[in-house]
Amino acid sequence: MNITSLQRNREGAATELGYVFTFLLGVLLLTMFSLWIYDIESATRERWNEEAIDANMNDLSAAIERTDVASRIDNSSYAERVYWRATEADESQFTLELTDTTLVLYDAEGELDTERSLSGTSSAPHMGTVELAGVQSIWIVYHNGVISLELDRPMF
């Protein structure tokens, strides 16, 4: 006759608890790794946005300086197209303003505001405000004695 009795064996329970704690440790490490990667990706995106905006502003200010030189020629008109590099920022919040001595980019969120000083060597007034929502290129135009920012190709 076979008689069985219940025994209090704790080895199996300790093994199961070890599996549970190992699993939870793995979840914790993967979560920390995911957060670390997300921070790296976000910082990279922000840096690329800032560099693209700086390059755009440098290209625009250089084109304005060339337009200043062209404005010194009597009875002339000049237009230069500058391509706007796309960013991952919300460009519908961007406004670009040209004054006699500065080119200013306003960000409605306030994080990416920037400006470039211009030489102001031209006797022509500088003016223009452009909303950058969906813009792929900006025209720097000298016509009728005024240097301006335009979104459309000028027809002289």
Side-chain angles (χ1 to χ4, degrees), residues 17-156:
L17 283 175
Y19 291 156
V20 169
F21 287 130
T22 302
F23 173 76
L24 291 176
L25 180 64
V27 169
L28 175 70
L29 292 175
L30 282 174
T31 302
M32 289 174 50
F33 180 74
S34 297
L35 292 173
W36 178 63
I37 292 298
Y38 177 77
D39 286 343
I40 289 173
E41 188 262 338
S42 296
T44 302
R45 183 183 316 115
E46 289 172 7
R47 188 180 74 241
W48 285 349
N49 279 340
E50 291 169 2
E51 289 179 8
I53 289 171
D54 282 342
N56 286 332
M57 294 294 284
N58 291 338
D59 291 348
L60 286 168
S61 60
I64 292 167
E65 296 294 339
R66 288 189 292 274
T67 306
D68 282 347
V69 171
S71 71
R72 294 187 200 116
I73 301 171
D74 291 335
N75 298 324
S76 67
S77 291
Y78 179 83
E80 183 174 340
R81 184 181 199 177
V82 178
Y83 290 97
W84 182 262
R85 291 172 187 85
T87 66
E88 288 192 7
D90 185 6
E91 293 179 350
S92 66
Q93 302 290 318
F94 289 172
T95 303
L96 194 62
E97 181 181 8
L98 176 64
T99 66
D100 286 335
T101 57
T102 58
L103 176 65
V104 183
L105 177 74
Y106 296 108
D107 179 12
E109 295 175 2
E111 296 176 9
L112 298 171
D113 289 345
T114 187
E115 73 177 50
R116 293 290 183 274
S117 295
L118 303 172
S119 65
T121 58
S122 172
S123 62
H126 297 62
M127 63 181 60
T129 302
V130 174
E131 301 288 330
L132 295 180
V135 170
Q136 294 179 350
S137 64
I138 300 169
W139 288 87
I140 311 299
V141 178
Y142 171 69
H143 188 64
N144 291 333
V146 176
I147 296 174
S148 62
L149 298 175
E150 305 289 335
L151 291 179
D152 298 322
R153 181 175 181 240
M155 301 292 178
F156 301 127

**Q.** Trace of the side-chain contact (heavy atoms from CB on, under 4.5 Å) decision for Met57 with Leu103
**A.** CA-CA 8 Å; Met57 294 294 284; Leu103 176 65; 3.9 Å; yes
Q) Can you check side-chain contact (heavy atoms from CB on, under 4.5 Å) on Leu96 and Leu105, steps first, answer last? A) CA-CA 5 Å; Leu96 194 62; Leu105 177 74; 4.1 Å; yes
Q.
Before you tell me yes or no, could you show the steps for Ile140 and Val82 under side-chain contact (heavy atoms from CB on, under 4.5 Å), namely the whole-Å CA-CA distance, both residues' side-chain angles and the distance that decides it to 0.1 Å?
A. CA-CA 8 Å; Ile140 311 299; Val82 178; 4.2 Å; yes
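Closest non-hydrogen pair, Ala86 versus Ala52, comes out as O-CB, 4.3 Å. Minimum heavy-atom separation, Glu131 to Leu151: O-CD1, 4.1 Å. Residues Leu149 and Gly128 share a closest heavy-atom pair of CD1-O, 4.0 Å. Nearest heavy atoms, Glu109 versus Gln93: OE2-CG, 4.3 Å. Closest heavy-atom contact between Thr129 and Glu97: OG1-CG, 4.0 Å. Across all non-hydrogen atoms, the minimal contact from Ala70 to Ser76 is O-OG, 3.2 Å.
Side-chain contact between Trp48 and Glu88: absent, with no pair of heavy atoms (C-beta onward) separated by less than 4.5 Å. Residues Phe94 and Ile53 meet the side-chain proximity criterion, which asks for heavy atoms closer than 4.5 Å. When side chains are defined from C-beta on, Val146 counts as touching Met127, because their heavy atoms get closer than 4.5 Å. By the 4.5 Å heavy-atom criterion applied to side chains, Tyr78 and Val69 are not counted as neighbours. By the 4.5 Å heavy-atom criterion applied to side chains, Ile138 and Leu132 are counted as neighbours.
The line from CG of Leu35 to CG of Leu30 is 11.0 Å long, rounded to the nearest 0.5 Å. In this structure, Thr31 OG1 and Leu28 CG are separated by 6.5 Å, a value rounded to the nearest 0.5 Å. Taken from CD in Glu41 to CD in Glu46, the straight-line distance is 9.5 Å, to the nearest 0.5 Å. Taking OG from Ser61 and CG from Asn56, the interatomic distance works out to 10.5 Å, rounded to the nearest 0.5 Å. Note that CG of Leu98 is 8.0 Å distant from CD1 of Ile147, once rounded to the nearest 0.5 Å.
Ser119 and Glu65 are linked by a side-chain donor-acceptor pair at a separation below 3.5 angstrom, with hydrogens and angles left out of the test.
Between the side chain of Asp100 and the backbone N or O of His126, at least one donor-acceptor pair lies under 3.5 Å. Proximity of a side-chain donor or acceptor of Asp113 to a complementary backbone N or O of Asp107 within less than 3.5 Å is detected.
Here side chain to side chain donor-acceptor pair (under 3.5 Å) pairs that include residues 139-156, with residues two or more places apart or in two chains, are Ser77-His143, Ser148-Glu150. Contacts classified as salt bridge (charged side-chain N to carboxylate O under 4.0 Å, His left out) and involving residues 51-62 (residues at least two apart or in different chains) are given here: Arg47-Glu51, Asp54-Arg116, Asp59-Arg85.
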